[in-house]
Amino acid sequence: MTLGYDWLDREASGERFITVVNERHIVDASRQFPLDNELVDPASVRVNSADGTMVFEPDFDYRLFESAQRLDVLIIPGSRIAVGDTLLIDYRYEARPSGSGGFRTITLRALIRWGALALSHTQVERAEGNDSNLSNAFVLANSSESRTSLILRLSTPWGPAEIAGERSRTLTKVIDATNYRLRGNASLRVTEEVTGSLGLNVTAHRTDSRPFNVYSANTGLSWRPLPGLHFSSHLRFWTVQQHGRVDQESISGGVSGEWRIYRVSLRARYDHLSFSEVRQRTENRLALEAVRRF
């Protein structure tokens, strides 16, 4: 069993925004995750690869949308970002709205493991005041956030699998949003040369103003017939439904191949993307590349 406790007490100052560098997120089968802080400036968000060699592009690799006071990152089908990738994200957020004083944040974390099961809970309580002495301050803004997850990890004859359920809630003076999420993913090893993956996700977002559901699924296949030769394919689907109708929908797929011979890598990739929201959009991408290593 693991227990954690964090305390942050920031005195009132002229600094209104805080900069976050290299916030780490791992893309799971849902291809969607919230940033750790609220009141994020969307224009400041920068999504980087784990090794720092690539900066991903908004509306090409990912989209940003607000969920309560949080900013969520949604990986677009056909993106260069894949499930399982680690991302490092830079941004700035408004730690102290104009006219307020200091703030205090208390975070409690608990984790219990029992065999293949893991139960975790995170509780964040935040208070902001108009006085640097928060014990005597008039509280201008309060928020409470909680996240409870139950995860089952399994070892199967074909590879590891994971099933998880999660409930999260954000509560402020004006917002009461609850998310229920069920996800599962599995890695499959058919032979030494052929491997695959499968992921499913269902998220129910509940607020008084805009309840909606998100459904997504993805699958991938990898084949290495010879040393230096690699083929892969992927298929992804997701849809957002609001008030019983489809609000957004996307399906994408692609194939790629790479042949490494001596110091030369020959790469080819084809991707198809179909996305509908207000209107239908279809994209076809073909990339050919030759890389010489010195």
Side-chain angles (χ1 to χ4, degrees), residues 1-2 4 24-34 49-51 62 72-87 109-122 147-168 179-205 213-241 249-258 260 269 271-272:
M1 182 174 69
T2 302
R24 183 174 178 269
H25 292 272
I26 298 177
V27 181
D28 63 19
S30 71
R31 305 178 64 80
Q32 175 185 336
F33 56 86
S49 60
D51 58 7
Y62 66 91
D72 278 24
V73 178
L74 178 66
I75 309 304
I76 296 176
S79 165
R80 292 173 292 175
I81 303 171
V83 172
D85 283 357
T86 298
L87 302 176
R109 299 184 180 92
L111 174 64
I112 300 175
R113 296 185 184 275
W114 184 38
L117 281 173
L119 177 65
S120 66
H121 180 76
T122 301
R147 187 183 302 271
T148 303
S149 302
L150 180 63
I151 303 174
L152 174 64
R153 294 185 173 93
L154 303 172
S155 294
T156 73
W158 306 279
E162 180 179 287
I163 302 173
E166 178 183 286
R167 179 188 184 274
S168 61
N179 287 332
Y180 300 92
R181 181 179 175 193
L182 179 66
R183 61 179 173 85
N185 57 76
S187 298
L188 309 175
R189 180 172 290 278
V190 183
T191 66
E192 288 298 320
E193 297 81 18
V194 180
T195 58
S197 63
L198 176 66
L200 300 171
N201 173 79
V202 178
T203 301
H205 179 89
N213 299 327
V214 179
Y215 306 93
S216 65
N218 67 85
T219 183
L221 186 66
S222 175
W223 180 35
R224 300 178 184 271
L226 297 171
L229 186 60
H230 179 213
F231 299 99
S232 64
S233 64
H234 67 272
L235 179 64
R236 303 182 179 112
F237 168 80
W238 61 267
T239 181
V240 178
Q241 296 185 4
E249 190 172 68
S250 176
I251 184 169
S252 69
V255 294
S256 64
E258 180 178 10
R260 295 184 179 181
R269 175 170 177 168
D271 290 290
H272 172 81

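Here the CD1 atom belonging to Ile163 is positioned 10.5 Å from the CZ atom belonging to Arg183, to the nearest 0.5 angstrom. Atom-to-atom distance recorded for Ile251:CD1 and Thr239:OG1 is 11.0 Å, nearest 0.5 angstrom. Residue Thr191 holds its OG1 atom at 10.0 Å from CH2 of Trp223, rounded to the nearest 0.5 Å. One finds the OG atom of Ser250 at 9.0 Å from the CG atom of Leu74 (value rounded to the nearest 0.5 Å). Here the OG1-CG distance, from Thr219 to Leu200, works out to 9.5 Å after rounding to the nearest 0.5 Å. Interatomic distance, Ile26 CD1 to Phe33 CZ, rounded to the nearest 0.5 Å: 10.5 Å.
Contact record, Phe231 with Gly257: CD2-CA, 4.0 Å, taken as the closest heavy-atom pair. Here the closest heavy-atom approach between residue Ala118 and residue Leu111 is recorded as CB-CD1, 4.4 Å. Here the shortest heavy-atom pairing between Leu182 and Gly165 reads CD1-CA, 4.4 Å. In terms of heavy-atom proximity, Asp271 sits nearest to Gly254 at OD1-CA, 3.8 Å. Between Val255 and Ser233 the shortest heavy-atom distance is CG1-CB, 3.9 Å. Scanning all heavy atoms of the two residues, the minimum distance from Thr156 to Ala161 falls at CG2-CB, 4.5 Å.
In this structure, the side chain of Thr148 does not engage the main chain of Ser120 through any donor-acceptor pair within 3.5 Å.
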ask   = After noting the C-alpha distance and the side-chain angles of Arg147 and Asn179, does the key distance pass the side-chain contact (heavy atoms from CB on, under 4.5 Å) rule?
value = CA-CA 9 Å; Arg147 187 183 302 271; Asn179 287 332; over 6 Å; no
task = With side-chain contact (heavy atoms from CB on, under 4.5 Å) as the test, would you mind laying out the steps for Val73 and His25 before giving the verdict?
result = CA-CA 10 Å; Val73 178; His25 292 272; over 6 Å; no
request  = Check the pair Leu117, Leu150 against side-chain contact (heavy atoms from CB on, under 4.5 Å), reporting the backbone distance first and the verdict last.
outcome  = CA-CA 7 Å; Leu117 281 173; Leu150 180 63; 4.2 Å; yes
Full working for side-chain contact (heavy atoms from CB on, under 4.5 Å) between Asn201 and Arg181 = CA-CA 7 Å; Asn201 173 79; Arg181 181 179 175 193; 3.1 Å; yes
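Looking at Ile151 and Glu162, their side chains come closer than 4.5 Å, going by heavy atoms from C-beta outward. The closest side-chain heavy-atom distance from Tyr62 to Leu87 is not below 4.5 Å.
We find that Glu258 and Arg269 are not joined by a salt bridge, their nearest charged nitrogen and carboxylate oxygen being 4.0 Å or further apart. Salt bridge annotation for Arg224-Glu193: absent, with no cationic side-chain nitrogen under 4.0 angstrom from a carboxylate oxygen.
Among His234, Arg189, His230, the one residue that satisfies the side chain to side chain donor-acceptor pair (under 3.5 Å) test with Ser222 is His230.
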